[in-house]
Amino acid sequence: MLQVSFLRQNRDLAKKKLAIKHFAQPNLVDTVIDLDDERKQLQASFDETQAKVNSASKEIGALMAKGDKEKAEATKTDVGEWKKQLEPLKEKMAQVEIDLQNVLVQFPNLPHDLVPLGKSPEENVLVREGGVTPKLHPGAEAHWDLIKKYNLVDFETGAKITGSGFPLYIGKGAKFQRALVQYFLDFNTAAGYTEYLPPFMVNAASAFATGQLPDKEGQMYHATEDDFYLIPTAEVPVTNVFRDVVLKETDLPIQMTAYSPCFRREAGSFGKDVRGLNRVHQFEKVEIIQIVHPDKSDEVLNEMVVHVEKLLVSLGLPYRILRLCGGDMGFASAITYDFEVYSAAQERWLEVSSVSNFAAYQTYRMKCRFKDGAGKIQFAHSLNGSSLALPRIFAALVENYQTEAGIALPKVLQSYFGAEKLI
RNA sequence: AGAGAGGUGUCCGAGUGGUUUAAGGAGCACGCUUGGAAAGCGUGUAUACGGCAACGUAUCGGGGGUUCGAAUCCCUUCCUCUCUGCCA
């Protein structure tokens, strides 16, 4: 959420930056300031009257103690009058606060200066690429054929059990998932991240804090009986560890990693992107999350990008890193780098990780602050990234490592999987 | 799931309608004291909003209510603990 004080001081800059994110109603910035002015005014007169009530009430107490009942009763009448004035003020103030909040939550985060202009994925900027695209043998197949051929994943039975997009991993397919999760977690903890295993459902306050509510309500599965949401990413529960917390400056940076299944309704998706493991409703992911000093978040973002890059290099997959343009970025992000791996069999790039700096957008919503050296309270910055999401990594690995004899494995995974090759 | 007991500041803990302006203790910070430390003494030690400031307002798990006045009474909700039940 954007801070009113920032919007107040940077009215035009905010509008300009919102335009980069293709936000349709830049004039809401003015609305916010007007509402905030009104709120201030209402509070001033409310506080003033309330102060009179408070001190008169105390006086009544003193008068009663002295036994001066008559004067006490007279003061009660005065208080009654003031309280009548208070009622409408209170109501108006509550309404203005709701209105203000309703407008504020509509603003996406402002883009970082490095974010390129653009509307669609074609306008993302290629930062760098690496790895070598393998030369596959003739007759090489896409993962949806390979997993059928080797009985690694059964979509039909998953659909029978639950519905489409809920894959059933079997045998070596299931074990491979476990091996990947284990490898990714070990890789992250070796770099200093602390491992968490969070709840897989969250309450509305948590979903709101990281920005899923109200923006992406329709994308989450909702358990209405208890009003819990199935998490779309471990980012939601893990970032919320620090909701409503005032940290010490020396606690920063906080580095966390977590495995979780992710549940996404993916309402509105269609087309060839949804084939096989390219887009599913439930998948496994290992996430990295950091909460850092605001002066450090740019630098930390780059470190996280390099971290994920190293992980991809270790898997021997051809990859590229893109800086997303304003139109392709997420709602809460200030700057995002997407990682894609090349699927040699599908002959297309698959997004496998997204690393973002949220600046103070999430931390302001969730009131995650720290006390700096001077004793001043500041909002921390939050960042996160996938390290890594499994389905498309799985797809790219089986496609790129396929041979006529079976499917090989990158060296780093052999000990985790307990064999030299997958098949 | 049923019955009961609870939730107070950084922590422990007192507080059943009015100088509570949340006692007292511990911790922490600073100062005094000391050769240095400990002890002792003194001072300070939550957050948000409004205000240039003085200060005001709100917050005793959350929300609502009663009252001139609520940590305290009432309703509701969440959480923790104990017992019982059920269950991996």
Side-chain angles (χ1 to χ4, degrees), chain A residues 1-9 32-105 197-209 213 222-229 237 240-252 261 360 362-380:
Chain A
M1 199 151 64
L2 300 179
Q3 299 179 45
V4 179
S5 57
F6 178 88
L7 294 176
R8 200 179 268 285
Q9 284 158 34
V32 161
I33 294 166
D34 291 345
L35 282 168
D36 193 49
D37 284 340
E38 195 182 345
R39 180 189 65 81
K40 280 185 186 185
Q41 215 171 15
L42 285 167
Q43 194 184 335
S45 49
F46 179 88
D47 283 1
E48 198 186 328
T49 310
Q50 183 67 51
K52 281 201 278 189
V53 170
N54 285 348
S55 68
S57 294
K58 238 176 254 177
E59 216 175 286
I60 291 170
L63 289 168
M64 299 285 254
K66 261 199 290 182
D68 191 346
K69 269 202 175 155
E70 219 170 283
K71 203 166 176 198
E73 286 304 323
T75 312
K76 271 192 198 182
T77 317
D78 288 346
V79 174
E81 284 303 309
W82 294 327
K83 286 195 55 157
K84 262 184 230 156
Q85 299 169 22
L86 235 40
E87 238 4 83
L89 277 176
K90 201 170 153 188
E91 266 168 49
K92 231 190 230 168
M93 203 157 66
Q95 190 54 52
V96 168
E97 259 160 40
I98 290 166
D99 292 347
L100 181 59
Q101 189 73 5
N102 285 344
V103 179
L104 272 179
V105 296
L197 184 61
F200 299 151
M201 290 200 231
V202 295
N203 55 33
S206 294
F208 176 81
L213 289 180
H222 188 191
T224 51
E225 180 89 19
D226 295 287
D227 197 20
F228 293 154
Y229 293 88
N240 271 281
V241 168
F242 294 98
R243 170 151 56 87
D244 290 321
V245 170
V246 180
L247 293 155
K248 288 187 255 173
E249 188 165 10
T250 49
D251 293 335
L252 304 175
Q362 291 181 329
T363 53
Y364 181 61
R365 272 187 173 216
M366 75 171 89
K367 301 195 173 23
C368 171
R369 296 152 293 172
F370 71 97
K371 201 171 254 187
D372 66 20
K376 218 182 123 210
I377 303 276
Q378 290 191 45
F379 287 98

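Every value quoted in this text rests on a predicted model; they were computed, and no experiment measured them. Just so we're on the same page: letters track the sequence lines, and every chain starts at 1.
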*What closest approach, in Å, do N240(A) and A209(A) show between heavy atoms, and which atom pair accounts for it?*
OD1-CB, 3.3 Å

*Report the residue (K90(A) or V246(A)) whose heavy-atom-nearest nucleotide on RNA chain B is the more 5′ of the two.*
V246(A)

*asked:* In the structure I gave you, are the side-chain heavy atoms of V245(A) and M366(A) within less than 4.5 Å of one another anywhere?
replied: no

*To the nearest Å, how far apart are I377(A) CD1 and A48(B) P?*
5 Å

_Side-chain N or O of N54(A) closer than 4.0 Å to phosphate OP1/OP2 of C68(B)_ = no

*Would you indicate, yes or no, if U57(B) has its OP1 or OP2 atom less than 4.0 angstrom from a side-chain nitrogen or oxygen of Q43(A)?*
no

*asked:* From the set G50(B), G69(B), A48(B), return the single nucleotide nearest to any side-chain atom of K83(A).
replied: G69(B)

*Could you tell me the separation between the CG atom of N203(A) and the C1' atom of U77(B), rounded to a whole number of Å?*
13 Å

*Round to a whole Å and report the spacing from CG of L42(A) to P of A58(B).*
16 Å

*Counting only Watson-Crick or G-U wobble pairs whose two distances fall under 3.5 Å, which nucleotide matches G9(B)?*
none

*asked:* I'd like to know if D37(A) pairs up with R8(A) as an ion pair, taking the criterion as any Lys NZ or Arg NE/NH1/NH2 lying under 4.0 Å from an Asp or Glu carboxylate oxygen.
replied: yes

*Which base, if any, makes a Watson-Crick or G-U wobble pair with G56(B), both distances under 3.5 Å?*
C49(B)

_Gap in Å between the two P atoms, one belonging to C12(B) and one to G44(B), rounded_ = 24 Å

*C1' gap between G17(B) and U67(B), integer Å*: 9 Å

*Under 4.0 Å: is that the gap between some side-chain N or O of R39(A) and OP1 or OP2 of G50(B)?*
yes

*Flag the pair I60(A) / M64(A) as yes when at least one side-chain heavy-atom distance between them is below 4.5 Å, and no otherwise.*
yes

*In terms of the nearest nucleotide of RNA chain B, which residue is placed more toward the 5' end: A62(A) or K367(A)?*
A62(A)

*Just say parallel, tilted or perpendicular for the rings of H222(A) and Y229(A), cut-offs at 30° and 60°.*
parallel

*Just name whichever nucleotide pairs with C81(B), Watson-Crick or G-U, keeping both distances under 3.5 Å, else none.*
G4(B)

_C11(B) and U57(B), which share atom name C1', separated by this distance in whole Å_ = 28 Å

*Sticking with atom P, work out how far U10(B) lies from C79(B), rounded to a whole angstrom.*
23 Å

_Separation of the C1' atoms in G63(B) and G51(B), to the nearest angstrom_ = 29 Å

*asked:* Return the pairing partner of G18(B) with a 3.5 Å limit on both distances, Watson-Crick or G-U wobble; otherwise return none.
replied: C68(B)

*What is the distance from NZ of K371(A) to P of G44(B), rounded to the nearest Å?*
16 Å

*If you measure from the P atom in A22(B) to the same atom in A71(B), how many Å do you get, rounded?*
10 Å

*From C68(B), U57(B), G50(B), pick the nucleotide closest to the side chain of V79(A)?*
C68(B)

*Would you kindly say whether N54(A) and Q50(A) are connected by a side-chain donor-acceptor distance under 3.5 Å?*
yes

*What distance, rounded to whole Å, do you find between the two C1' atoms, one in G36(B) and one in U21(B)?*
41 Å

*Just how far, in rounded Å, is C1' of C68(B) from CG of D78(A)?*
10 Å

*Using the C1' atom in both, what is the distance from G61(B) to U47(B), to the nearest Å?*
15 Å

*In whole angstrom, what separates L100(A)'s CG from C49(B)'s C1'?*
12 Å

*Measure from CG on D47(A) to P on A58(B) and round the result to the nearest Å.*
7 Å

_Just the rounded figure in Å: distance from P of U57(B) to CH2 of W82(A)._
13 Å

*Measure from the side chain of M64(A), starting at C-beta and using heavy atoms only, and say which of C68(B), A58(B), G50(B) lies closest.*
C68(B)

*Pair assignment for A37(B), Watson-Crick or G-U wobble, requiring both distances under 3.5 Å*: none

*asked:* Taking any heavy-atom pair under 4.0 Å as a contact, classify A56(A): base, sugar-phosphate, or nothing.
replied: nothing

_A29(B) - base-pair partner by Watson-Crick or wobble geometry, distances under 3.5 Å_ = U43(B)

*Any side-chain heavy atom of Q378(A) sitting closer than 4.5 Å to one from E249(A)?*
no

